> 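Could you have a look at this structure, given as structure tokens, before my questions?
Predicted model, so just to flag it, every value in this text is computed and none were measured. Letters go in sequence order (proteins before strands), and every chain restarts at 1.
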2 protein chains.
Amino acid sequence: MTGIKDVAREVEMSTATVSRALRGLPGVTEETRAIVLEAALRLGYAPSPTAVRLASGQTRTVAVVVPYVTRWFFSSVVHGAEEVLSGRDYDLLLYNLAGSTAARHRVFDTDLLTKRVDAVLVLSLRPTTDELARLDRLARPVTFVGADVPGWATVRIDDRAAARSAIQHLIDLGHQRVAYVGGATEGVLDFSAPADRLSGFRDTLLDAGLTPDPTLERDGSFTIAGGTAAGRSLLDRPDRPTAVFAASDEMAFGVLRAARDLGLRVPEDLSVVGVDDHELADFFDLTTVAQPVQEQGRVAAQQVLAALGAKASGENWQPRQVILETRLVGRGTTGPPPGRRA
Amino acid sequence: MTGIKDVAREVEMSTATVSRALRGLPGVTEETRAIVLEAALRLGYAPSPTAVRLASGQTRTVAVVVPYVTRWFFSSVVHGAEEVLSGRDYDLLLYNLAGSTAARHRVFDTDLLTKRVDAVLVLSLRPTTDELARLDRLARPVTFVGADVPGWATVRIDDRAAARSAIQHLIDLGHQRVAYVGGATEGVLDFSAPADRLSGFRDTLLDAGLTPDPTLERDGSFTIAGGTAAGRSLLDRPDRPTAVFAASDEMAFGVLRAARDLGLRVPEDLSVVGVDDHELADFFDLTTVAQPVQEQGRVAAQQVLAALGAKASGENWQPRQVILETRLVGRGTTGPPPGRRA
DNA sequence: GTGAAAGCGCTAACAA
DNA sequence: TTGTTAGCGCTTTCAC
């Protein structure tokens, strides 16, 4: 392994000069720089990230904590974050909780992250007070994606508004009995979006003079299978709803399946709306509230890098709450309710 | 930030003793160790990974190179790898190529990985000779997942056999006109599986006395949309095949959609088989050749860790080719061909 | 513009 | 069993 000393020896200069020349710092003749660059290239020199980190005090590494890597939403956010981090020569350290409390504990309640990374991205989780305290002690920029964490930097959508636009769409079509399929509003992996989408759902109905029916609210645990089960229990009854709002596309897919299994036609007998604009939404011709997913990862990464930059140049930096726009994508799973068709 | 010196000062011992005590090395009185542990805990000491790495010469980091993180197969492999790596206190550095040649070049043809990681996991890519040469120069354990790379450590399935079992299943049902939907056997992101699955398809037909029809082979680019397009061109003709073998479940989903769009009943008019046992395969009731995906990530991670262990203890270690079992999962998308029903 | 020397925060020989 | 002393491979003052 050739090190900076080898290069210095080769060009008969000090390692200080070689270091400066290689990093493009000022105070080096162009001639000197050229000589150094040539020698470094010739010797196949590559600096040791570890040594650079120890000497510079920066890890140039960002931790990304993900509830479940295998879910489309999370892997898409990771994709976005990786894109900007690798572009700025930062390493992305992946921590996949895989839904495990033990893993969550290990990441947040031990010294795992301490001195290991310059910044942290946390996806969708709603941190506990203790976790926030520990993250605070890290004294590093932290950004939450897809969760509302007051006082901290966040990048997300307005979940209430997203639900609202979906419900309003159904109301405009003439639906009066609208069901909700969501996820636990608390639990092992506590997310912040479900509660907001649920209240957006209820409020919009109320605003339209409709009364939310508690018996039309189901837990679909944000999975396809959960959506199918919820859909079945919702639709297999005489007074079934004419429309279902699922708080995620995956649950909406499940509802579509339940409808199909029960012989219901969509949208003639039942309308379905989701949230996400999942890569399969088009495939299922699902009407949904689209949210920019990769973009949230990108923006979050840019945010922590900006914070790091500000820190380095001594500026003071305030955590920002970024809210990205959603938009209703009308497709084939929504239409007027039965008996109200043109 | 409290460092090892602070702990040493606190207990009035040398940093060497503190280091030994904290790491559980032999040659330290239990009493001493207890004192040190207590002080470290009380002072909130956590070692600096960077310093440990520089001093020990090990990064305790494994790079995982992924063609597309957002695809189910890859994120599942990452999941498996992360599980074992985090369990052994290794960091997982994620590199997502996102299908970009530039990204691939950056990872393999620059000094990016040099001195940065102890081992590398490469998913599905078929490396070029140049890339192999560079990986070789890293002098670090490298394991390829889902690709056949002669002479290197690999973890994969027998792609020819997987295709064979799917085709044999169709033949046993009585199918004679079987189509193939696969992916480019070369290209920007060069994978090794497609070619093997294609030849497994052809060979099995030949072995059964059937002649593979080149006009029944399509490129579905391993995506749902590609599968839909391929399916449409395959099925929208009078002499359409009675069965389609898709080299991945996602393409099979696309074929199912094409069939549905064309008004074909499955499996009455058309049988479809995929490969993977994707999380949605059950949802689509798709007959498929299941492969252990997370497991491949797990085994690959275990492999590089074993290699690292062998290296550390001076044993010599030979790259192994691990082949994991596949099995046909019969579901509802396959049945006897039209006109041959019981 | 360049070099000498002192760290960065640990580990690891080698002594004691 | 414990301490002393060198590093690990860079960056960064501070001189010159």
Side-chain angles (χ1 to χ4, degrees), chain A residues 1-37 39-40 43-61 89 91 111 113-118 312-314, chain B residues 1-37 39-40 43-61 89 91 111 113-118 312-314:
Chain A
M1 284 290 102
T2 108
I4 202 173
K5 282 185 187 168
D6 301 301
V7 179
R9 189 178 312 118
E10 177 75 12
V11 298
E12 295 180 305
M13 295 184 223
S14 70
T15 61
T17 301
V18 172
S19 175
R20 284 187 282 249
L22 257 23
R23 288 182 297 152
L25 296 186
V28 180
T29 327
E30 272 319 309
E31 193 195 340
T32 305
R33 195 187 305 282
I35 294 173
V36 172
L37 284 172
L43 299 183
Y45 167 72
S48 153
T50 296
V52 171
R53 287 165 188 188
L54 184 58
S56 70
Q58 300 194 136
T59 63
R60 280 197 92 80
T61 300
D89 287 314
D91 280 347
D111 291 318
L113 262 25
T114 311
K115 303 178 185 170
R116 190 177 300 264
V117 297
D118 290 341
S313 55
Chain B
M1 286 291 102
T2 107
I4 201 173
K5 281 185 187 167
D6 300 302
V7 180
R9 190 178 311 121
E10 177 75 12
V11 298
E12 295 181 305
M13 296 185 222
S14 70
T15 61
T17 300
V18 172
S19 174
R20 284 187 284 248
L22 257 23
R23 287 181 297 153
L25 295 187
V28 179
T29 326
E30 272 319 309
E31 192 196 340
T32 304
R33 195 187 304 283
I35 294 173
V36 171
L37 284 172
L43 300 183
Y45 168 72
S48 153
T50 297
V52 172
R53 286 165 188 188
L54 184 58
S56 70
Q58 299 194 136
T59 63
R60 279 197 94 79
T61 301
D89 287 315
D91 280 345
D111 292 316
L113 261 26
T114 312
K115 304 178 186 170
R116 191 177 299 264
V117 297
D118 291 341
S313 56

> Rounding to an integer number of Å, can you tell me how far A:Lys5 NZ sits from D:dT11 C1'?
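Rounded to the whole Å, the gap is 13 Å.
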> What distance separates A:Leu37 CG from A:Glu30 CD, expressed to the nearest 0.5 Å?
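If I round to the nearest 0.5 Å, the distance is 9.0 Å.
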> Just the endpoints, please: which first and last nucleotides of DNA chain C, 5' to 3', lie under 4.0 Å from a heavy atom of chain B?
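It runs C:dG9 to C:dA13.
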> Could you check whether any side-chain heavy atom of A:Met13 comes within less than 4.5 Å of a side-chain heavy atom of A:Ile35, counting everything from C-beta outward?
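A side-chain contact exists here, since the closest heavy-atom pair is under 4.5 Å.
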> Quick check on D:dT2: is either OP1 or OP2 less than 4.0 Å from any side-chain nitrogen or oxygen of B:Ser14?
no
> Not counting sequence neighbours, which residues clear side-chain hydrogen bond (donor to acceptor under 3.5 Å, both in side chains) with B:Thr32? List them please.
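By the side-chain hydrogen bond (donor to acceptor under 3.5 Å, both in side chains) rule, B:Thr32 matches B:Thr29.
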> Please name the pair of heavy atoms, one in B:Pro49 and one in B:Pro47, separated by the smallest distance, quoted to 0.1 Å.
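Taking B:Pro49 first and B:Pro47 second, the nearest heavy atoms are CD-O, 3.2 Å.
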> Closest approach of B:Ala8 and B:Val18, non-hydrogen atoms and distance?
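Nearest heavy atoms, B:Ala8 then B:Val18: CA-CG2, 3.7 Å.
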> What closest approach, in Å, do A:Val7 and A:Ala39 show between heavy atoms, and which atom pair accounts for it?
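The answer is CG1-CB, 4.4 Å.
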> What's the shortest heavy-atom distance between B:Ile4 and B:Thr15, and which atoms?
CD1-O, 3.6 Å
> Evaluate the side-chain proximity of A:Thr61 to A:Asp118: yes if any heavy-atom separation is below 4.5 Å, no if none is.
no
> Quick one: B:Ile4 CD1 to D:dG7 P, roughly how many Å, whole number?
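After rounding, the gap between these two atoms is 19 Å.
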> Let me see the working for A:Leu43 and A:Arg9 under side-chain contact (heavy atoms from CB on, under 4.5 Å), right down to the final yes or no.
CA-CA 11 Å; A:Leu43 299 183; A:Arg9 189 178 312 118; over 6 Å; no
> Which residues within residues 29-37 of chain B lie with some heavy atom under 4.0 Å of an atom in DNA chain D?
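Heavy-atom contacts with DNA chain D come from B:Thr29, B:Thr32.
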> What are the two closest heavy atoms between B:Val28 and B:Leu25, and how far apart are they?
CG2-O, 3.9 Å
> Check DNA chain D against residues 46-59 of chain B and give the residues with a non-hydrogen atom under 4.0 Å, in numerical order.
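Nucleic-acid contacts, sorted: B:Leu54, B:Ala55.
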> Which atom pair, heavy atoms only, marks the closest approach of A:Thr50 to B:Leu54?
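Answer, listing the atom of A:Thr50 first, then B:Leu54: CG2-N, 3.2 Å.
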> Let me spell it out: for each of B:Glu12 and B:Lys115, pick the nucleotide of DNA chain D with the closest heavy atom. Which residue's pick is nearer the 5' end?
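In this pair, the answer is B:Glu12.
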> Out of curiosity, A:Met1 CE to B:Thr114 OG1, how far, rounded to the nearest 0.5 Å?
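If I round to the nearest 0.5 Å, the distance is 7.0 Å.
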> Under a 4.5 Å cut-off applied to non-hydrogen side-chain atoms, are B:Leu22 and B:Tyr45 in contact?
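A side-chain contact under 4.5 Å exists here.
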> Work out how much the helix from C:dG1-D:dC16 to C:dA16-D:dT1 bends between its end axes, five pairs an end, to the nearest 10 degrees.
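Axis-to-axis angle, ends of the helix: 30°.
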> Rounded to the nearest 0.5 Å, how far apart are CZ of A:Arg116 and CZ of B:Arg53?
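Going from the CZ atom of A:Arg116 to the CZ atom of B:Arg53 covers 5.5 Å.
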> Could you identify which residues of residues 18-27 of chain B place a heavy atom less than 4.0 Å from some atom of DNA chain D, listed by residue number, or say none?
B:Arg20, B:Gly27
> Is any side-chain heavy atom of A:Glu10 closer than 4.5 Å to a side-chain heavy atom of A:Thr2?
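With C-beta onward as the side chain, the pair stays apart.
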